[in-house]
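Just below is one structure, and these are the notes that go with it.
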2 protein chains.
Amino acid sequence: MTVQEVLNVMSEKGLRITEQRKTLAELFVNTTSQLTAKQVHSFLSQTYSGLSFDTVYRNLRVLTEMNVLEQFVFEDGMKFKLHCSSEEHHHHLICLQCEKTFPLHYCPMEEVKHLSHDFEPVKHKFEVFGYCKDCK
Amino acid sequence: MTVQEVLNVMSEKGLRITEQRKTLAELFVNTTSQLTAKQVHSFLSQTYSGLSFDTVYRNLRVLTEMNVLEQFVFEDGMKFKLHCSSEEHHHHLICLQCEKTFPLHYCPMEEVKHLSHDFEPVKHKFEVFGYCKDCK
DNA sequence: TTTTATGCAAAAGTTTTGCACTGAC
DNA sequence: GTCAGTGCAAAACTTTTGCATAAAA
């Protein structure tokens, strides 16, 4: 997904394109790792010195609601990344060192459905943490 | 795991057995769902009216550190449950209605190891949410 | 010009910390 | 009697909300 595509989605949904939002879009398009609100704020602060946290939170929330970003829960708080455009359902390998994410085109739910007859699965979380080929 | 076994672990590690901690042990031994600090506080408050939140948090942390409890991260905060005594590595089916958990003796990591040669897995999260046979 | 986005200030929610006092051993 | 546990108060941290002003369309 390009910066322009992200901005188009925002426009189509009636959002206004501010300088901050452009930079925010660039940040997420160029990052494969999952970012905390704090990290996003730090990054944007380099350009917009008076940037407030509430604006960051508001934009992260709005972008998550319109499916541009995806939200994940971790021990150290919520993290955000660009919503995977891949048509196919998949999961992620997440590097503990560089924090980059790599798509894993495998889902264990087929197997689970065979094993759990008394339970009706609705959703699931599956994430693998470890070291990528550059970091291991 | 029985209440007495939990208390024994606490004693062995040098913790003192207070009335509150006895009740806390009973709560977790009798609950298969994952509880938030808030829920634990509510429950214990029924018996100990002046109960403070910091004591609840302290005890949850101490019990987690000595592996009596297990900690999970969710959208609505940390949750705790008795550490699974099962020898075998497993995951959980979690009911969205009654919040009970059911062991799932299946782990997708064997499959993942075959698929991801460039990535060295260290740990993983796998949880299935849905409706149990009583709730569906 | 109209309406949305932003910054500021403050609040709400969760978790942690320091300290004096109480209670377990 | 000694040391750990508790309650209280306050702080730290993350996220949210209300309102006046600034900026996008």
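Here is the naming used below: chain letters follow the sequence lines, and residue numbers restart at 1 for every chain.
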### Query
Got more than 12 heavy atoms from elsewhere within 6.0 Å of NZ, A/K125?
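Counting other residues, nucleotides and ligands, NZ of A/K125 exceeds 12 neighbours.
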
### Message
With a 6.0 Å cut-off (strictly less than), is the heavy-atom count around NZ of A/K38, excluding the residue itself, greater than 12?
### Response
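For A/K38, atom NZ is not crowded (no more than 12 foreign heavy atoms under 6.0 Å).
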
Over all heavy atoms of both residues, which pair between [X] and [Y] is shortest? Give the atoms and the distance, please.
X: B/V6; Y: B/M1; answer: CG2-SD, 4.1 Å
X: B/K123; Y: A/L96; answer: CE-CD2, 4.3 Å
X: B/F119; Y: A/I94; answer: CZ-O, 3.4 Å

Straight-line distance of [X] [atom1] to [Y] [atom2], nearest 0.5 Å:
X: A/T101; Y: A/L93; atom1: OG1; atom2: CG; result: 9.0 Å
X: A/F74; Y: A/F129; atom1: CZ; atom2: CZ; result: 4.5 Å
X: A/N59; Y: A/Q20; atom1: CG; atom2: CD; result: 7.0 Å
X: B/R16; Y: B/T18; atom1: CZ; atom2: OG1; result: 11.0 Å
X: B/R61; Y: B/L69; atom1: CZ; atom2: CG; result: 13.0 Å

### Message
Is the distance between the ring centroids of B/H92 and B/H105 under 6.0 Å?
### Response
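No, the ring of B/H105 stays outside the 6.0 Å limit from the ring of B/H92, centre to centre.
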
### Task
Mind listing the residues from residues 22-36 of chain A sitting with a heavy atom below 4.0 Å of DNA chain C? Number order is fine.
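Per residue number, the list is empty: none.
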
### Message
Among residues 39-52 of chain B, which ones have heavy-atom contacts with DNA chain C below 4.0 Å?
### Response
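Correct list: empty, so none.
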
Interface polar pairs with nucleotides 11-15 of chain C, N/O, under 3.5 angstrom:
{"unit_1": "C/dT14", "atom_1": "OP1", "unit_2": "B/K38", "atom_2": "NZ", "d": "3.3"}
{"unit_1": "C/dT15", "atom_1": "OP2", "unit_2": "B/Y57", "atom_2": "OH", "d": "2.3"}
{"unit_1": "C/dT15", "atom_1": "O5'", "unit_2": "B/Y57", "atom_2": "OH", "d": "3.4"}

### Query
Is there a side-chain contact between B/F80 and B/L63 (heavy atoms, below 4.5 Å)?
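No, every pair of side-chain atoms sits at 4.5 Å or beyond.
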
#### Entry: Sub-4.5 Å side-chain heavy-atom contact between B/V128 and B/H91
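Heavy-atom side-chain distance check fails, nothing below 4.5 Å.
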
### Query
Reading nucleotides 19-25 of chain C 5' to 3', which nucleotides get B (base under 4.0 Å from a protein heavy atom), which S (sugar-phosphate only), which -?
----BBS

### Query
NA contact type, B/D54, heavy-atom cut-off 4.0 Å: base, sugar-phosphate, or nothing?
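Answer is base: heavy atoms of B/D54 come under 4.0 Å of a base.
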
#### Entry: Hydrophobic cluster of A/Y57, others only, ordered by chain and residue number, side-chain cut-off 4.5 Å
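Hydrophobic cluster check, A/Y57: joined to A/F53.
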
### Query
Salt bridge check: are B/E99 and B/K79 linked by an N-O gap of less than 4.0 Å?
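So B/E99 pairs with B/K79 through a salt bridge.
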
### Query
Which nucleotide span of DNA chain D, 5' end to 3' end, has atoms closer than 4.0 Å to non-hydrogen atoms of chain A?
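For DNA chain D, the relevant span reads D/dT14 to D/dA25.
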
